[in-house]
Structure formats: C-alpha cells, structure tokens
Protein chains: 2
Amino acid sequence: MEALDPLLHQPLRTQLAAFLAGAGEASFTELKRNLQVSDGNLESHLKKLIAADYVSLRRIEGPGRAQTSYSLTPTGLDALQRYIKALQKLLPLGDRDAAEGTWNGQATAG
Amino acid sequence: MEALDPLLHQPLRTQLAAFLAGAGEASFTELKRNLQVSDGNLESHLKKLIAADYVSLRRIEGPGRAQTSYSLTPTGLDALQRYIKALQKLLPLGDRDAAEGTWNGQATAG
DNA sequence: GGATTTACTCTGTAATTCAGAGTTTATTAC
DNA sequence: GTAATAAACTCTGAATTACAGAGTAAATCC
C-alpha cells in the first residue's frame, strides 16, 4: 500500500495546495478568505509548505503596503500530482482503472 | 470551499477506511500487515474511527484465540463516500467535471 | 498625528500521532 | 503440567502538530 504524503494529506494543506494549483498564486489575505482559516493557522501551514519547498513566496511592492504572493513550486506541483495519483490508487475516484479494487455494490455512484 | 472530514483525512485513517471498504472486513493483524503500522498506532486510529461509529467490531470465536473483525459501518461508508466527493471537488481526479477548475497546462495527465 | 486597517508573525495550549512496553489468552516443546 | 513462545490486542507517555488569539510594523484615513 502506497503512503500518502503527510505534508499534503492534511485538511488545510490539501486545500492550500489545491487552491494554489488552481489559482496560480494568491496573497495571504486571499488564502485566508478562501480557506476560512485563522491567521496563525494559515501561516503555520504555509510555513511548513515553504520549508518543504512546496510553496514559494514573492514580495510584491505595489502602491500601499507590500504583500507576499504565494504559489506552488515545481516541486510542490509535482508532489501534488503524485499525491493525487496515490489517492486514485487508494480510492475509487472516477478514474476507475487506477483503483486497486472497486467496492461492493456501491462504487462511486451515489 | 468544502472542508475535508478530518477524521478521514489523515494518512493512516484514509488507508484504513479505504482498505476496509475494499476488503469488507479485516482482522487487527491483517490491518497491521497491510498498512505496515505499529500496534499502538493502529489501535489508536481504529479507536477513533470506532468512537465516531465509522468502524464496527465483531468478535469472532474460532478455534484458537478469539479475534476481532473490523469493518466500516454504514455511517463510515457514507462518510467515506462524501469524503471522496469532497476530494473530487477539490482536486482534478479523473472525474474531471467535478473539479471546480482544472489546472494550467498540466491537468491530471502525467 | 492618533486611530484603524492590513499583512503578517509569535507564543502557548490543546489535541494528535506514534512507538514500544504491558497484558491476556492460547499453543508448542519438553 | 509447565515453561517458553506467540497472537491479539491495550496502555502510557513523549514528540509533534494544529490552532487561536495576541503582538508588531507599516500604511492609510481623518
């Protein structure tokens, strides 16, 4: 059985990675709004992803206060992609062939 | 953004639930072997799933020492199914339509 | 120029995760 | 029959993680 990247397999961090993958990049505040998370919690998870080089930051000096833009690194995107493959192997997720076995009567149709 | 059931969205518990869904039921030892996990760790996660009524146990009195057989409850299967739907919404997982947006060039093809 | 807001960062607490030691019941060797 | 081994868990405690709210610094509003 394949292990699920523990860095990505955590509620907030999965959402963070998915959001960044979809959005390309986002500011602290955008992330906070979209993920509905407290400041401290957001920054601690962001920090962890940055430490793993899954996320990079870019300082944006605009008019007004400087902001940081966060985005997935190639490493992060790759990890996310491999994480998704692992999920597909583990669970029946539409991409049926990938799942090692499909469940009883129920499959994925609900 | 939809939250991911924190009970299921944890590496060992996701695997546990997926395995039980696939196998129907399994003994402590089977689970231990398949998930490659320590006794203590397995029992603590199992306990958590049982407390949530995601997993039920059944005592099996055979020849030799009695064993416990673990399986998903209807509640657990339902939760797993909803968890999978949430994942599908969040990530591009083969079932493409469900994902809120598909990523840049990369999509799911590797 | 004082009050507010924005954009984070720090700190401490609570909860979670985990390994290994402990317990109980059965089986095998003698 | 009993000592040693094994199976099937359960308990304990330490390490890590997750989280909220308080703190800080810079900009904007009045």
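The sequence lines fix the lettering, A, B, ..., with proteins before strands; numbering per chain opens at 1. As a basis for the values below, the full set of heavy atoms in this structure was taken, side chains included, without hydrogen atoms, waters or symmetry mates.
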Taking [atom1] from [X] and [atom2] from [N], how many angstroms apart are they, rounded to a whole number?
X: B:Lys32; N: C:dG20; atom1: NZ; atom2: P; value: 12 Å
X: A:Leu49; N: D:dA18; atom1: CG; atom2: P; value: 10 Å
X: A:Lys47; N: D:dT17; atom1: NZ; atom2: P; value: 13 Å
X: A:Gln15; N: D:dC19; atom1: CD; atom2: P; value: 11 Å
X: A:Asn41; N: C:dA14; atom1: CG; atom2: P; value: 16 Å
X: A:Glu30; N: C:dA7; atom1: CD; atom2: P; value: 10 Å
X: B:Leu8; N: C:dT17; atom1: CG; atom2: P; value: 12 Å
X: A:His9; N: D:dA18; atom1: NE2; atom2: P; value: 12 Å

Under 3.5 Å donor-acceptor pair, B:Arg65 side-chain atoms to C:dT27 base atoms
no
Taking 4.0 Å as the cut-off, does a side-chain nitrogen or oxygen of A:Gln10 come that near to OP1 or OP2 on D:dA18?
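Indeed, a polar side-chain atom of A:Gln10 lies that close.
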When you measure from the side-chain N and O atoms of B:Arg13 to the phosphate of C:dT16, is any distance below 4.0 Å, counting only OP1 and OP2?
no
What's the closest nucleotide to the side chain of [X] if the choices are [options]?
X: B:Gln67; options: D:dA22, D:dA8, C:dA19; value: D:dA8
X: A:Phe28; options: C:dC8, C:dT17, D:dC11; value: C:dC8
X: A:Leu12; options: C:dT17, D:dC19, D:dA20; value: D:dC19
X: A:Thr29; options: D:dT10, D:dC19, C:dA7; value: C:dA7
X: A:Lys48; options: C:dT17, C:dC8, D:dT17; value: D:dT17

Kindly determine whether B:Glu61 and B:Gln67 satisfy side chain to side chain contact (heavy atoms under 4.5 Å, CB included), including the steps that lead there.
CA-CA 7 Å; B:Glu61 321 268 353; B:Gln67 271 182 236; over 6 Å; no
Starting at the 5' end of DNA chain D, which residue's closest nucleotide do you reach first, A:His45 or A:Ala66?
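Here A:His45 is the residue nearer the 5' end.
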Answer whether the closest heavy-atom distance between the side chains of B:Leu16 and B:Tyr70 falls below 4.5 Å.
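Result no, sub-4.5 Å side-chain heavy-atom pair not found.
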Taking any heavy-atom pair under 4.0 Å as a contact, classify B:Thr68: base, sugar-phosphate, or nothing.
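Sugar-phosphate contact only.
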May I ask you to say what A:Glu43 touches in the nucleic acid, namely base, sugar-phosphate or nothing, with a heavy-atom cut-off under 4.0 Å?
base
Between B:Asp39 and B:Lys32 (salt bridge meaning N to carboxylate O under 4.0 Å), is one present in this structure?
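Judged by the 4.0 Å cut-off on N to carboxylate O distance, B:Asp39 and B:Lys32 do form a salt bridge.
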Using the rule given for side-chain hydrogen bond (donor to acceptor under 3.5 Å, both in side chains), can you reason through A:Tyr83 versus A:Asp78, listing the C-alpha separation, both sets of side-chain angles and the distance that settles it, and then say yes or no?
CA-CA 8 Å; A:Tyr83 168 65; A:Asp78 191 61; over 6 Å; no
Residue-level proximity of residues 51-64 of chain B to DNA chain D when a heavy atom falls under 4.0 Å:
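Hits under 4.0 Å, by residue number: none.
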Identify the heavy atoms of B:Leu80 and B:Ala21 that sit nearest to each other, and give their distance.
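Of all heavy-atom pairs spanning B:Leu80 and B:Ala21, the closest is CD2-CB, 3.7 Å.
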Residue pair B:Glu25 / B:Ser71: nearest heavy atoms and the distance that separates them:
CB-CB, 3.8 Å
Would you kindly say whether B:His9 and B:Thr14 are connected by a side-chain donor-acceptor distance under 3.5 Å?
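Absent: no donor and acceptor within the cut-off.
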Does the pair A:Leu4 and B:Leu12 meet the rule for a side chain to side chain contact (heavy atoms under 4.5 Å, CB included), with working shown?
CA-CA 8 Å; A:Leu4 294 166; B:Leu12 192 47; over 6 Å; no
